[in-house]
Undergrad: 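Could you have a look at this structure, given as structure tokens, before my questions?
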Amino acid sequence: MSLAEKSSLRIAMMIETDGPGGAEVMLIQLAEELRRRGHVVTPVGPSVGQGWLSGRLRSLGFDRRTFTLRRALDPLCAIELARMLRELKIDAVHSHEFTMAVYGGAAAHWLGIPHVVTMHGNETVMDVWRRRLALRWSWKRSQAFVAVSEHTRTEMQARLGLPQGSIQVIPNGVPLRPGERDVTRRKLGVEDDEMMILTIGNLRRRKGHAVLIEALARLQQSGFGAPWQLVIAGDGRHRENLTRLALDLGVADRVQMLGHRDDVPDLQAAADVFAMPSFWEGMPLAILEAMIVGNAIVASNIGGIPEMLRNGESGLLVPAGDAPALADALRRLIEDASLRERLGASARRHAEAEFHVEVMADRYEHLYRGSGPRRASS
């Protein structure tokens, strides 16, 4: 029986990391949706890691398997993965990001199993020529290479020297999970008349949290009177720097640093404005989560974000790193309720049509079965 004829598939979902992040959340959401459709999904991750992703998968009832990468080049790892795939009678392998694109790709190739790769927008992975060579090797042996945005596809095709159409685009998708607005705002201490500005993401320089704090400090220093609170969900090594910056700029009493949170639907429901001031992104799930609940969004005009939001129609886009421009956009959203409502409603309609988890799963399911468009040959 061909894969296209099978009503359900056994799918190995491979990823090299075990911490919180956009690719990891996307894997969970896709795995849940595929399981809901009757497929058997086996997540495969590192034997040693942070424990966040493995813990979430176990709590959801997935039978997670592990691999061990002993060194940068470890043929035994690929051999062990192939043995695992054979024992589990896997029908299709879906690898996320560089390491599993190579090792998962090698194991799938040896067994003749369809292999799909998703690259989530980490452009620095291609800075090393050996990695570019390894990705080209994997591309030639895979059913499909997928980028989460047109920006990521264009960048990868150029840097890997691949012909146009070699990489497909499947945008990330998120489920609609309504959250508790009033209860969450009370827990956070946000008053009814305060604008809650939310940003979600690991505390890394590229996420632009410092620019957002500076922009809001500019508003306060300009005499802007409307009350607001900034809520930052995420953790990382720059937390102390951001706390110090908020103190130095005189806005520490309006900035909440929550650390990592798993109640994103509640936070999105509680927010009035969602901000993403990143310096680069692929297709960030946090924006999709804001779109699908109808939040007004202001974000940097970089990476795949302009493919998600149309400036002035479904969000406001500003140059990355431009605190004055971000401050002006935030002022507009805080002052104008009708603008927030219009942008949020447009964003939600677009997300439901293009960025819902069911739409994403449909597209990947076609690839697993070999019925999707194949990559161009070289």
Undergrad: Side chains of S346 and R310: do they bring a donor and an acceptor to under 3.5 Å?
TA: no
Undergrad: Hey, are R83 and E87 close enough for a salt bridge, meaning a charged N less than 4.0 Å from a carboxylate O?
TA: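 A salt bridge is absent here (no side-chain N lies under 4.0 Å from a carboxylate O).
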Undergrad: Hey, are E354 and R363 close enough for a salt bridge, meaning a charged N less than 4.0 Å from a carboxylate O?
TA: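 Here E354 pairs with R363 in a salt bridge, since their nearest N and O are under 4.0 Å apart.
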Undergrad: Does R37 pair with D362 as a salt bridge, N-O distance under 4.0 Å?
TA: yes
Undergrad: Side chains of L219 and I334, heavy atoms from C-beta outward: is any pair under 4.5 Å?
TA: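 In contact.
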Undergrad: Among residues at least two apart in sequence or on other chains, which ones pass ring pair (Phe, Tyr, Trp, His ring centres under 6.0 Å) with H350?
TA: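 H350: ring pair (Phe, Tyr, Trp, His ring centres under 6.0 Å) contacts with F355.
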Undergrad: Identify whether the distance between the nearest side-chain nitrogen and carboxylate oxygen of R185 and D182 falls below 4.0 Å.
TA: no
Undergrad: Is any side-chain N of the basic residue among R36 and E32 closer than 4.0 Å to the acidic one's carboxylate O?
TA: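 Salt bridge absent between R36 and E32.
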Undergrad: Between E307 and R153, is there a salt bridge with N-O shorter than 4.0 Å?
TA: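 Answer for the salt bridge query: no.
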Undergrad: Quick one: do R181 and D272 make a salt bridge, cutoff under 4.0 Å?
TA: yes
Undergrad: Does the gap between the ring centers of H120 and H96 come in under 6.0 Å?
TA: yes
Undergrad: In terms of side-chain heavy atoms, does E80 have a donor or acceptor partner in T68 at a distance below 3.5 Å?
TA: no
Undergrad: Can you tell me which residue among H115, Q143, H94 is in a side-chain contact (heavy atoms from CB on, under 4.5 Å) with Y368?
TA: H94
Undergrad: Report yes if some heavy atom in the side chain of R64 is under 4.5 Å from a heavy atom in the side chain of D18; otherwise report no.
TA: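 SC-SC contact between R64 and D18 confirmed.
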Undergrad: Is there side-chain contact between L160 and W139, with at least one heavy-atom pair below 4.5 Å?
TA: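 A side-chain contact under 4.5 Å is absent here.
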Undergrad: Check whether more than 12 heavy atoms from other residues, nucleotides or ligands sit under 6.0 Å from atom CZ of R206, and answer yes or no.
TA: yes
Undergrad: Would you say D253 has more than 12 foreign heavy atoms packed within less than 6.0 Å of its CG?
TA: yes
Undergrad: Decide, yes or no, whether a salt bridge links D266 with K187 under the criterion of side-chain N to carboxylate O below 4.0 Å.
TA: no
